[in-house]
There are 2 protein chains.
Amino acid sequence: MTAEPHRSPGRPRVDVDPAVLAATLRTVHELGYAGATLDRIAAAAGTAKTTIYRRWSSKGTLVTAALVSAFGPLPPVAGEPRQNLAALVRWGADRVALPGVAAAFAGVFAEAVSDPDLRRLLRTQLQEPYRRGLEQALAVPTARALLIVDLVVGTLLHRRGITGEPMTETDLQQLTTAARALLG
Amino acid sequence: MTAEPHRSPGRPRVDVDPAVLAATLRTVHELGYAGATLDRIAAAAGTAKTTIYRRWSSKGTLVTAALVSAFGPLPPVAGEPRQNLAALVRWGADRVALPGVAAAFAGVFAEAVSDPDLRRLLRTQLQEPYRRGLEQALAVPTARALLIVDLVVGTLLHRRGITGEPMTETDLQQLTTAARALLG
DNA sequence: CAGTATCGAAACTGTAGGTAGCGAAACCTG
DNA sequence: CAGGTTTCGCTACCTACAGTTTCGATACTG
């Protein structure tokens, strides 16, 4: 039997979340954060704007959720800190290079400046999980893990934000080198 | 005699630029990028919205100009690359900590994603001058100077974007250490 | 069937970026 | 001073989008 602890009455919710989150990133990728209107996202997801607002309270929280789903959990690493760091930098670079991710980050950061709720969401949904994972994978204290997150993600996003292009392979290696300087 | 090569007829332009740029950063600092409406900026600068639009074609170009004026030219450095790098990291950290700068960057980056003109402006007005200065001060090739700009500014901005707080002194020293790993 | 909750479409509100028109002000030349 | 030119600042306006409200239709439960 399927695990349904307590089926409430009324029309059940359709599971539109995956389609909406994917459509969000896709639309942000194509039209930018401002150009990705809720009407367009809803149309791309094949649903209605009202249905989206029933699940996410604002555009900022929606895009944040799309980012969280695009990143997913940290990949499992089980080696030396220096090895793990290289793998994690590459993992981060791959995610930031995903279509729409950089634009979504920029838009969310801009909104978060004047929206404490959104800032808290960013911290709890994105920063803290990855910070905790880094502490373990790299065997560093909290403050150091935070700085490494800032360093890796910040560098990757700044590159995309200014040039619009992803990093070259040699730049990625250099970034790993720079981050390694924070390990010991 | 004053250096006026060719005074054209008509009412001369009032020099509102410094007041407007300062009011822009101040308003962005207080109300965030989205909350800093052109009407409010104009009121804070003691001028009219139309006057601002006669000088800057959009909110994005205005805020970019405010950033350029807040950063100003690179400070002169004349020492060993490793010394110079430490001074430049500190200079960058001071500028990013200026009220309004981080919020302005976030907003401009978000707009630049879907605005090629604004992206070009960012590149020519901000990235290229400082990249050139770094090449000289640090004795590194272009690609390396670009990466160092991304690393330093990206890290500083990411920290402010997520936590809203500036970096601690020890974090700054660590950032310098990481950047030094890219010197050679 | 009665009750309940969701869906989707449309209409609506408030606000902000950006533009247009215009009288007044500040300079020029003669 | 007169006539020409350009900017100033103000108001009114247009367009677009975030977010809300309303409502009939739909899909469940018991």
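Heavy-atom basis, side chains included; hydrogens, waters and symmetry copies ignored. None of the values given here were measured: they were computed from a predicted structure.
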Nearest-angstrom distance from the residue atom [atom1] of [X] to [atom2] of [N]:
X        : N       : atom1 : atom2 : value
Ile52(A) : dT6(C)  : CD1   : C1'   : 15 Å
Arg55(A) : dT20(D) : CZ    : P     : 16 Å
Ile41(B) : dG9(D)  : CD1   : P     : 16 Å

Contact nearer the 5' end of DNA chain C, comparing Thr51(A) with Arg54(B):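 Of the two residues, Thr51(A) wins.
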| task | May I ask you to test the Val63(A)-Thr24(A) pair for a side-chain heavy-atom distance under 4.5 Å? | result |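 Heavy-atom side-chain distance check passes, below 4.5 Å.
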Note, Ile41(A) side chain near Ile52(A) side chain (heavy atom, < 4.5 Å):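 In short, these two side chains touch, coming nearer than 4.5 Å.
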- State which of dG9(D), dC7(C), dT29(D) makes the closest approach to the side chain of Pro9(A).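 The closest nucleotide is dT29(D).
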Just by modelled atom types, is the Leu156(A) backbone N or O under 3.5 Å from a matching donor or acceptor in the Arg160(A) side chain?
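Checking the backbone N and O of Leu156(A) against the side chain of Arg160(A), no donor-acceptor pair under 3.5 Å is found.
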| query | Quick one: does Asn84(A)'s side chain have a donor or acceptor within less than 3.5 Å of a partner on Gly79(A)'s backbone? | reply |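 Side chain of Asn84(A) to backbone of Gly79(A): a pair is present.
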5' to 3', nucleotides 11-20 of chain C under a 4.0 Å protein heavy-atom cut-off (B base, S sugar-phosphate only, - none) gives -----SSBBB
Test: Arg131(B) and Glu135(B) ion pair at under 4.0 Å: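 Here Arg131(B) pairs with Glu135(B) in a salt bridge, since their nearest N and O are under 4.0 Å apart.
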Practice item. Please confirm whether any donor atom in the side chain of Arg11(A) sits under 3.5 Å from an acceptor in the base of dT26(D), or the reverse. Key: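 Donor-acceptor pair under 3.5 Å: yes.
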message: Which label fits Phe105(B) and Phe71(B): parallel for a plane angle under 30°, tilted from 30 to 60°, or perpendicular past 60°?
response: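 Ring orientation, 0 to 90° scale: perpendicular.
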OP1 or OP2 of dC7(C) sitting under 4.0 Å from any side-chain N/O of Thr47(A)?
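The answer is no; no side-chain N or O of Thr47(A) sits under 4.0 Å from OP1 or OP2.
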